[in-house]
Structure formats: C-alpha cells, structure tokens
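The structure appears right after this line, and notes come after that.
Note that these values count all heavy atoms, side chains included, but never hydrogens, waters or copies made by symmetry.
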Amino acid sequence: MRPIKLFYLKNCPFCKRALSYIEKLKQQDVYKDLEIEMIEESEQAEIADQYDYYYAPTFYVDGKKLHEGGITENEVEEIFKKALE
C-alpha cells in the first residue's frame with residue numbers, strides 16, 4: 001500500500017465533495033485501511049509550500065501528483081486503486 005497525501009482547503013466546495021467521496025469509498029472493505037494524510041493548506045502552509053500544485057484538492061500517491069482540482073467519485077476511486085498497487 002502506497003501513501004496518499006491530500007491537500008485541501010476547508011471552505012473549498014470541490015474539496016468538500018472530494019472528502020465526501022473519500023468517506024463513502026472508505027466504507028468499502030477494500031479501501032477501509034487506506035491511510036490518507038490530509039493537509040489543510042491554509043493551516044499547514046509550511047508543508048503545502050513544499051509541493052508543486054495550484055488547485056485544491058490535490059492528491060499525491062507515493063510522492064507523485066495524480067490529480068489536481070475538481071474531482072469525481074470515480075477519479076477518487078482510481079487514486080485509491082493506484083495506492084493499493
């Protein structure tokens with residue numbers, strides 16, 4: 001299992017949607033043990049500034065950026081699948 005890192009903003013509508021997709025998918029047995037490091041970029045700017053992205057939410061798996069910006073539930077699931085590879 002490879003680590004997932006999510007950069008988000010608490011007031012971002014796209015981020016709220018992504019977080020709801022994560023919550024829904026993690027109810028499935030296959031994804032329930034995935035660990036996601038969630039970094040709220042306005043509260044942890046010192047960490048966020050070390051990464052190359054412009055839009056939230058942004059997902060990294062094993063240090064590689066896989067998605068940036070608005071996201072669908074299917075795209076979140078594809079990220080989860082990559083983390084399980």
Side-chain angles (χ1 to χ4, degrees):
M1 191 177 313
R2 299 185 299 167
I4 299 174
K5 193 175 298 256
L6 168 61
F7 292 92
Y8 73 99
L9 289 164
K10 61 184 166 194
N11 293 323
C12 164
F14 298 108
C15 299
K16 288 178 183 179
R17 230 176 278 139
L19 293 170
S20 72
Y21 299 150
I22 289 168
E23 187 177 313
K24 180 179 176 185
L25 288 166
K26 286 198 59 134
Q27 292 176 13
Q28 297 178 30
D29 283 342
V30 67
Y31 303 127
K32 70 178 180 179
D33 294 328
L34 279 177
E35 291 188 27
I36 303 171
E37 180 182 2
M38 296 191 189
I39 299 164
E40 206 293 342
E41 64 178 66
S42 67
E43 295 173 359
Q44 296 175 285
E46 67 285 349
I47 296 171
D49 290 345
Q50 297 174 26
Y51 289 81
D52 182 28
Y53 71 94
Y54 297 99
Y55 302 106
T58 296
F59 288 83
Y60 283 81
V61 173
D62 204 21
K64 180 180 176 188
K65 181 169 47 174
L66 292 188
H67 189 92
E68 181 174 353
I71 194 164
T72 66
E73 184 175 341
N74 289 339
E75 290 170 321
V76 173
E77 187 166 18
E78 287 303 313
I79 291 166
F80 282 13
K81 287 176 183 176
K82 291 278 187 195
L84 290 174
E85 290 178 353

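Put simply, L9 and Y55 are part of two different groups of oily side chains (I, L, V, M, F, W, Y) that touch within less than 4.5 Å, one to the next.
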Quick one, I4 with L66, criterion side-chain contact (heavy atoms from CB on, under 4.5 Å). Give me CA distance, side-chain angles, the key distance, then yes/no. CA-CA 10 Å; I4 299 174; L66 292 188; over 6 Å; no
Might you work through the side-chain contact (heavy atoms from CB on, under 4.5 Å) test for V61 and K64, ending with a clear yes or no? CA-CA 5 Å; V61 173; K64 180 180 176 188; 5.9 Å; no
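Between atom CZ of residue F80 and atom CZ of residue F59 there is a gap of 6.5 Å, rounded to the nearest 0.5 Å. Here the straight-line distance linking atom NE2 of H67 with atom CG of L6 works out to 10.5 Å at 0.5 Å rounding. Interatomic distance, I79 CD1 to L34 CG, rounded to the nearest 0.5 Å: 11.0 Å. For the atom pair CD1 of I39 and OG1 of T58, the computed distance is 11.0 Å after rounding to the nearest 0.5 Å. Annotation: the span from M38 atom CE to E41 atom CD amounts to 14.5 Å, rounded to 0.5 Å.
Across every non-hydrogen atom of E75 and T72, the tightest pair is OE1-N, 2.8 Å. Nearest heavy-atom pair across G70 and P57 is N-CD, 4.4 Å. For the residue pair F14 and A56, the shortest heavy atom distance occurs at CB-O, 4.2 Å.
In this view, E73 and Y21, K24, L25 satisfy the side-chain contact (heavy atoms from CB on, under 4.5 Å) rule, not counting sequence neighbours. Remark: K82 engages no residue in a salt bridge (charged side-chain N to carboxylate O under 4.0 Å, His left out) (not counting sequence neighbours). In terms of the side chain to side chain donor-acceptor pair (under 3.5 Å) criterion, residue partners of E37 (sequence neighbours excluded) are, by chain and number, K5.
Here the side chain of K65 pairs a donor or acceptor atom with the backbone of D52 at under 3.5 angstrom. Looking at E68, its side chain does come within 3.5 Å of a backbone N or O of Y54 through a donor-acceptor pair. Side-chain N or O atoms of Q44 include none that pairs as donor or acceptor with a backbone N or O of I47 at under 3.5 Å.
Around the CD atom of E35, the shell of radius 6.0 Å holds no more than 12 heavy atoms that belong to other residues, nucleotides or ligands. More than 12 heavy atoms of other shown residues, nucleotides or ligands fall within 6.0 angstrom of atom OH in Y31.
Between F7 and Y60, the ring planes are perpendicular. Angles over 60° get that label, and only those under 30° would be called parallel.
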